[in-house]
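Worth saying up front: this structure is predicted, and the values here are computed from it rather than measured. Numbers restart at 1 for each chain; the letters A, B, ... are given by sequence-line order, proteins then strands.
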Number of protein chains: 2
Amino acid sequence: MSTAQVTIKDLARQLNISVSTVSRALRNAPDINPGTKNAVLKLAAELSYEPNVMAQGLVKKKTKIIGVVVPAIHSNYFSDALSGMTEVANAYDYHLMFCQSNEDAGQEIRSIKKLLACHVDGLLISVSKDTKNTAEFEKVKQLGVPVVMFDRTLPDFTCSKVIVDEYEGAFKAVEHLIRKGCKRIAHLAGPVNASVSANRMKGYIDALAKYGLPVNDKLILRCNAFEEDALPAIKKIIASRPMPDGIFFINDLSAISAIQYMQKKGINVPGDIKVAGFNDDPVSAVIQPSLTTVMQPSYEVGKLAIGILIDAILKPESPEQTISLRTKLVIRDSTK
Amino acid sequence: MSTAQVTIKDLARQLNISVSTVSRALRNAPDINPGTKNAVLKLAAELSYEPNVMAQGLVKKKTKIIGVVVPAIHSNYFSDALSGMTEVANAYDYHLMFCQSNEDAGQEIRSIKKLLACHVDGLLISVSKDTKNTAEFEKVKQLGVPVVMFDRTLPDFTCSKVIVDEYEGAFKAVEHLIRKGCKRIAHLAGPVNASVSANRMKGYIDALAKYGLPVNDKLILRCNAFEEDALPAIKKIIASRPMPDGIFFINDLSAISAIQYMQKKGINVPGDIKVAGFNDDPVSAVIQPSLTTVMQPSYEVGKLAIGILIDAILKPESPEQTISLRTKLVIRDSTK
DNA sequence: CCAATTACCGGAAACGTTACCGGTAACGTT
DNA sequence: AACGTTACCGGTAACGTTTCCGGTAATTGG
């Protein structure tokens, strides 16, 4: 509090002009003498005047703040998306306010309320894995605050959405396994209530179907949480007879942990069993054998999502759209 | 804009009382009849009134927003710290505004200015790896905005700081290698201008010294960027004769990539060479052999940093402090 | 029963900015 | 010479709160 913030009034007083003239000079308004405008701009720079965004927000009813809610920032996917968002936000002079739902629908609602209280101009949301109720989102919409959902969306709620085509990613991965000669392909699926699990599972099933391979329920196992405790499921898969010759994993970490386990058991990857993951974690390029996996364009997802949102903020009547980005199959040694 | 935001005036009008009374009722102010207070609270709940933070901020000169600047959100360390911050921020009803410097000092300054323009109540910063100039931070201080640095700090700038004792972490890791019988321990160091590199290197050197082992410059190699291209350095280390019997890595990813490379070359880990990393990435528990590594309490760092900052915001005369958190050595198979 | 205190409430100013309206000069136009 | 136009500027209200000051009615004390 030592140095008080310099205001538009200070500038007006020092230049012996009115506040409205100063205000006009500061934005690029008409009805202002270029001379006085320059004088104001000069003094403003000298005193390093910064407009008070709260005062501006109060009268303009815009904060230039965008609220972001993700299930967990601790995730390559979401942190990449967030990076993309910051880039675009900087370019358009928007600010990002950030909340985390911890995969909890209640916390998610509290976060949204919190952001709404801050009068964010728009909302960027990736819903938690057991969010079902759309009531809160409808309220946001009624308030006139535009919403864009990314990655994890809510089918029952209509708004602009940016997603990645996980179905196609899974399909491509399994198709790749098939083309490499696998005939008996297992799948380690994710938590049952996450939409990602269902999408990837469907890709797995449809790929099998396309190539006339049977879908065997015994070859489909689940882990209850992401990145955790996939080992029991893996052991079960390995133990099944006849042994599978390929496995498609819900994510890279479980794939890696499986590869390590199989190597210990004397099973050769990719010789005996070929393995594909999902996510393209940094470590996947580094392990031995390097892991074939599905890369998601999460950075792009973030950029696109915030781009659409800013459009919607600037012109509220712009139509809602759903954009689906394609994954990229990264082929490495684990399917050689 | 369909439904206009309900304001304190609306409440006043509907209850036939004045705005000041409503205002008194909403905070827990004295000089108010419990009956009218309840009536206001009830109506506020019904209409789901939310105070306009901008108007509040304008008169109270507080925004309840805390600005955060990190080098890269895409990093287990910083995303964990951010998680910790969100938890405390929620508890104290603060909001987090987020910027990324991308390890660029210029971008860092722009981020700070941006945050300052938003009139954040305080700043949480982890500086980029080539930030040297303290001028910008001094300006922040003069503006009366409290600053807390975490993890990556600036020695020449005095403010509250929360760091982890990487020196001791490195020391413990190398000491552990020595106790496991290693006599010729190599070190893969990080980028030369990052303080983390220097701290961990010093721990490495001092541990060697404590046990009377010579420090051999040929056994100290550098990688220029984190998590990238450690392989050439690793090859050089392995090729040195006599071969080292232990390696301490700047981070887990390079350690893992080294282990994989060594296994391909027929070198047994931990039989021939024992390996320790730094960070405790999730994958480190999962690979074969599992990786001994130094765990940093990044979540705690985030919680502590924001806690200190909020203290400083609430009572501006609270003394500056530096807290150093201890790491935890996670012993796994790579040093067995 | 009167004065003093208390409990409660309303009015108005202020925070920093923008938006609107109006006014004064100077400058053409016919 | 009278009028309309243009260029520029100031005053004021408003945005939604809080804070301070003052005022009225009820309550208390002697």
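The minimum heavy-atom distance between A:G67 and A:L115, with the atom names listed, is CA-CD1, 3.9 Å.
In this structure the side chain of B:I306 never reaches within 4.5 angstrom of the side chain of B:Y94, judged on heavy atoms.
When the C1' atom of C:dA14 is taken as reference, atom CG of A:N52 falls 14 Å away, rounded to whole Å. In this structure, A:K9 places its NZ atom 11 Å from C1' of C:dA13, rounding to the nearest Å. B:N33 places its CG atom 16 Å from the P atom of D:dA25, with the value rounded to the nearest Å. Straight-line distance from the NZ atom of B:K62 to the P atom of C:dC15: 17 Å, rounded to whole Å. Atom CG in B:L58 sits roughly 12 Å away from atom P in D:dG16 (whole-Å rounding). Look at CZ on A:R13: it is 14 Å from P on D:dG11, rounded to the nearest Å. Here C:dT17 presents its P atom at 10 Å from CE of A:M54, a figure rounded to the nearest Å. One atom, CG of A:D10, and another, P of C:dT17, lie 9 Å apart when rounded to the nearest Å.
Here B:R27 reaches the OP1 or OP2 of D:dT19: one of its side-chain N or O atoms lies under 4.0 Å away. Listed pair A:S23 / C:dT18 meets the phosphate criterion, a side-chain N or O lying under 4.0 Å from OP1 or OP2. Taking side-chain N and O atoms only, A:S20 has no distance below 4.0 Å to OP1 or OP2 of D:dG10. In this structure, A:T21 does not reach the D:dC9 phosphate: none of its side-chain N or O atoms is under 4.0 Å from OP1 or OP2. Within the 4.0 Å cut-off from OP1 or OP2 of D:dG16, at least one side-chain nitrogen or oxygen of A:K61 is found. For B:T7 and D:dG16, the shortest distance from a side-chain N or O to OP1 or OP2 is not below 4.0 Å.
In this structure, B:P51 reaches the sugar-phosphate backbone alone: every heavy-atom distance under 4.0 Å involves primed, P, OP1 or OP2 atoms, never a base.
Comparing D:dG10, D:dT18, C:dC9 by their nearest atom to the side chain of B:T36 picks out C:dC9.
Comparing B:D31 and B:A55 by the nucleotide of DNA chain D that holds the closest heavy atom to each, the one mapping nearer the 5' end is B:A55.
Formation of a donor-acceptor pair under 3.5 Å by the A:T63 side chain with backbone atoms of A:H119 is found in this model. Distance alone, capped at 3.5 Å, is enough to place a donor-acceptor pair between the B:K161 side chain and the B:L154 backbone. Judged by distance alone, the side chain of B:E103 and the main-chain N or O of B:P71 form no donor-acceptor pair under 3.5 Å. Although no hydrogens or angles enter the test, the distance criterion places a donor-acceptor pair under 3.5 Å between the side chain of A:S79 and the main chain of A:N76. The main-chain N or O of A:A105 is never found under 3.5 Å from a side-chain atom of A:T131 such that the two would form a donor-acceptor pair.
A rotation axis mapping the C1' atoms of four pairs onto the next four is fitted at both ends of the helix from C:dC1-D:dG30 to C:dT30-D:dA1 over five pairs, and the angle between these axes is 50° to 10 degrees.
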